[in-house]
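Right, one structure below, let's go through it.
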Amino acid sequence: MDLHHHFVRWMGKHRQLVDALLAGFLFLFFGLLPYASMSYSLQLPVSAGLLLPLAWRRTRPVLAGAAVALVSILQWALGIDLVPAQFSIFMIVYALAAFGPRWASLGGLGLAILGAIMALTRYGEFMGVSQSPLAFLVIFGFSVSLILVCWAFGDLARNRRLMVQTLEDRARRLEVERQQERDLAAADERSHIAREMHDIIAHSLSVIITQADGARYASAANPDVAPQTLETIAETGRASLREMRRLLGVLRGDEASSTRPLPTLEDIPILVDTLRSSGLDAHFTLTGKPRRTLPPGAELTAYRVVQESLTNILKHAGPNVHATITQTWTPRGLELQTDDDGRGAAADPTSAGPGQGIRGMGERVKLYEGTLTAGPAQSGGFSVRAFIPYTEA
């Protein structure tokens, strides 16, 4: 079976060579050998003109058909006797229907039928039908039937070839679209991982750095501060490590890691308490009641928004900052607002403007058709406001 497939594939790649060999074979047995013993005969060049164009019947069907038609017309006009190579007309009719344009297919069919009539009128005595109208009709009907059968099979081959080409084109388009979908999914996953990594690492390191700096100065006056500070640093590091393991478990396909609970709205007060133990004067306020629960992904987004906002306060707001975090349930959804009275990111010389953190918050909120605004407050400091609407069924 493999050998057969290789042979068919080879013939498809070398169509011109295969057709040339076929034309040479047919000319040898039906054109050259029957007249090799004759010293002079016009039937030999006629046979060559009818058979040799078959070498281009698939690559140049119109040119091959025109050559065979011209030779046939000259044969009829000069009164040259019929030759065995006359069957090439049926092959050309098939080739025009299968490989030529539509106008050439129909033109070749009509010209072949007209040629059958001309041949019967010219060579009727040779065929023995000149004196018998019934024999004339029978031979004419048989000839036209052969022509129509050849044309019909050629047209079927043409339709099959076009259908195969259409299916191949469709398969190529589907493969391109599938690759584009894979690329988009990979880009989206990379963006998601970047946001998760930024939220986890930036927040944890900011807390650890703040604790370490505070402990370094406070321990000089009160050594008892150091153990409490180190405990906070250790707890923050362990929490960050758990988050990193969960994220890496998702990347590895580790079901045990991927099913661990994600942070929710109930974890926001714990997050604020952790920051408060780091020395940040932060207050959390919850107002209203939810009309319905948010999806787990939306709750994770809300948690990450608060986490990133507090991280930015630690990084950019400066010392002696007061922060307020307000979680408000409205009839339309959840509203989160974080305000501080620090110097703001714009006044921080180490800040280069809105970066990965704010951009990541905006992308997260937009996934749930929410909105996010972040910028310097009119009364000083920095303000972040996010709104996540209910996901209606």
Rounded distance (nearest 0.5 Å) linking atom CG of Leu334 with atom OG1 of Thr293 | 12.0 Å

Measuring from Ser47:OG to Leu42:CG, what's the distance to the nearest 0.5 Å?
-> 10.5 Å

Are the side chains of Val18 and Leu21 in touch, meaning some heavy atoms are under 4.5 Å apart?
-> no

Which pair of non-hydrogen atoms, one from Ala55 and one from Asp19, has the smallest distance, and what is that distance?
-> O-CB, 3.4 Å

Are the side chain of Tyr390 and the backbone of Leu294 linked by a donor-acceptor contact shorter than 3.5 Å?
-> no

Between Leu22 and Arg57, is a side chain to side chain contact (heavy atoms under 4.5 Å, CB included) present by the stated rule, with each step listed?
-> CA-CA 11 Å; Leu22 176 63; Arg57 65 187 182 90; 4.0 Å; yes

What heavy-atom pair brings Ala386 and Val365 nearest, and what distance separates the two atoms?
-> CB-CG2, 4.4 Å

When rounded to the nearest 0.5 angstrom, what is the spacing between CE in Met91 and CG in Leu51?
-> 8.5 Å

Does the side chain of Val68 reach to within under 4.5 Å of the side chain of Ile89, using non-hydrogen atoms?
-> yes

Shortest non-hydrogen contact between Asn312 and Met361, atoms and distance = ND2-CE, 4.5 Å

For the pair Arg291 (side chain) and Pro331 (backbone), establish whether a donor and an acceptor sit closer than 3.5 Å, ignoring hydrogens and angles.
-> yes

Pairs touching residues 55-87 that satisfy ring pair (Phe, Tyr, Trp, His ring centres under 6.0 Å), sequence neighbours left out = Phe30-Phe87

Tracing side-chain links under 4.5 Å among I, L, V, M, F, W and Y, which residues wind up in one group with Met163?
-> Leu167

Hphob cluster co-occupancy, Ile113 + Ile92, side-chain heavy atoms under 4.5 angstrom = yes

For Leu310 and Ile313, run side chain to side chain contact (heavy atoms under 4.5 Å, CB included): C-alpha distance rounded to whole Å, both residues' side-chain angles, the deciding distance at 0.1 Å, then the answer.
-> CA-CA 5 Å; Leu310 294 176; Ile313 292 174; 4.2 Å; yes

Could you tell me which residues satisfy side chain to side chain donor-acceptor pair (under 3.5 Å) with Thr59, sequence neighbours excluded, listed by chain and number?
-> Gln16

Could I get the full list of side chain to side chain donor-acceptor pair (under 3.5 Å) partners for Ser143, not counting sequence neighbours?
-> none

First locate atom OG of Ser309, then atom CG of Leu271, and finally report the distance between them rounded to the nearest 0.5 Å.
-> 10.0 Å

Does Leu146 belong to the same Ile/Leu/Val/Met/Phe/Trp/Tyr cluster as Phe153, with side-chain heavy atoms less than 4.5 Å apart forming each link?
-> no

Please report the C-alpha distance between Leu372 and Arg385 in whole Å, then the side-chain angles of each, then the deciding distance to 0.1 Å, and finally whether the side chain to side chain contact (heavy atoms under 4.5 Å, CB included) criterion is met.
-> CA-CA 6 Å; Leu372 183 135; Arg385 181 183 181 278; over 6 Å; no

Do any side-chain atoms of residues 99-111 form donor-acceptor pairs under 3.5 angstrom with protein atoms, and if so which ones, sequence neighbours left out?
residue	atom	partner	partner atom	Å
Arg102	NH1	Asp155	OD1	2.4
Ser105	OG	Trp151	NE1	2.8

Could you tell me if the ring centre of Tyr94 sits under 6.0 Å from that of Phe90?
-> no

Phe142: partners by ring-ring contact (aromatic ring centres under 6.0 Å, His included), with sequence neighbours left out = none

Please name all residues satisfying side-chain contact (heavy atoms from CB on, under 4.5 Å) with Val71, sequence neighbours left out, ordered by chain then number.
-> Val46, Leu50

Are more than 12 heavy atoms from other residues, nucleotides or ligands located less than 6.0 Å from atom CZ of Arg158?
-> yes

Under 3.5 Å, is there a donor-acceptor pair linking the side chains of Gln75 and Gln86?
-> yes

How long is the span from the OG1 atom in Thr326 to the CG atom in Leu336, to the nearest 0.5 Å?
-> 9.0 Å

Closest heavy-atom pair and its distance - Ala374, Val384 = CB-CG2, 4.0 Å

For residues 317-336, the ring pair (Phe, Tyr, Trp, His ring centres under 6.0 Å) pairs (sequence neighbours left out) are His283-His322

Are Ile268 and Leu286 co-members of a hydrophobic cluster defined by side-chain heavy atoms under 4.5 Å apart?
-> yes

Can you find a heavy atom in the side chain of Thr285 that is under 4.5 Å from one in the side chain of Gln327?
-> no

Looking at residues at least two apart in the chain, or sitting in another chain, which of them share a side chain to side chain donor-acceptor pair (under 3.5 Å) with Gln337?
-> Asp339

Taking atom types as modelled and ignoring hydrogens, do the side chains of Thr328 and Thr287 form a donor-acceptor contact shorter than 3.5 angstrom?
-> yes

Whether over 12 other heavy atoms sit under 6.0 Å from Glu266 CD | no

Main-chain N/O of Leu156 paired with Asn159 side-chain donor or acceptor, under 3.5 Å | no

Any chance you could pull the hydrophobic cluster mates of Leu74, using side-chain heavy atoms under 4.5 angstrom and chaining through other members?
-> Leu70

Take Ser88 and Leu26 through the test side chain to side chain contact (heavy atoms under 4.5 Å, CB included) and record every step on the way to the result.
-> CA-CA 9 Å; Ser88 65; Leu26 294 176; over 6 Å; no

Flag yes if Leu120 and Ile117 sit in one hydrophobic cluster, no otherwise; membership is Ile, Leu, Val, Met, Phe, Trp, Tyr, and two members link when side-chain heavy atoms are under 4.5 Å apart.
-> yes

Minimum-distance pair of heavy atoms, taken over all atoms of Leu82 and Gln43 = O-NE2, 3.7 Å

Which atom of Asp281 lies closest to which atom of Val321, heavy atoms considered | CB-O, 3.4 Å

Only counting residues at least two apart or in another chain, list the ones meeting salt bridge (charged side-chain N to carboxylate O under 4.0 Å, His left out) with Arg178.
-> Glu175

Leu162 vs Gln165 side-chain heavy atoms within contact, under 4.5 Å = yes

Cluster overlap Phe25 with Val83, hydrophobic side-chain contacts below 4.5 Å = yes

Verify the neighbour count for atom CZ of Arg170: are there more than 12 heavy atoms of other residues, nucleotides or ligands below 6.0 Å?
-> no

Which value, rounded to the nearest 0.5 Å, describes the distance between Ile388 atom CD1 and Glu299 atom CD?
-> 9.0 Å

Would you please name every residue forming a side chain to side chain donor-acceptor pair (under 3.5 Å) with Ser145, sequence neighbours left out?
-> none

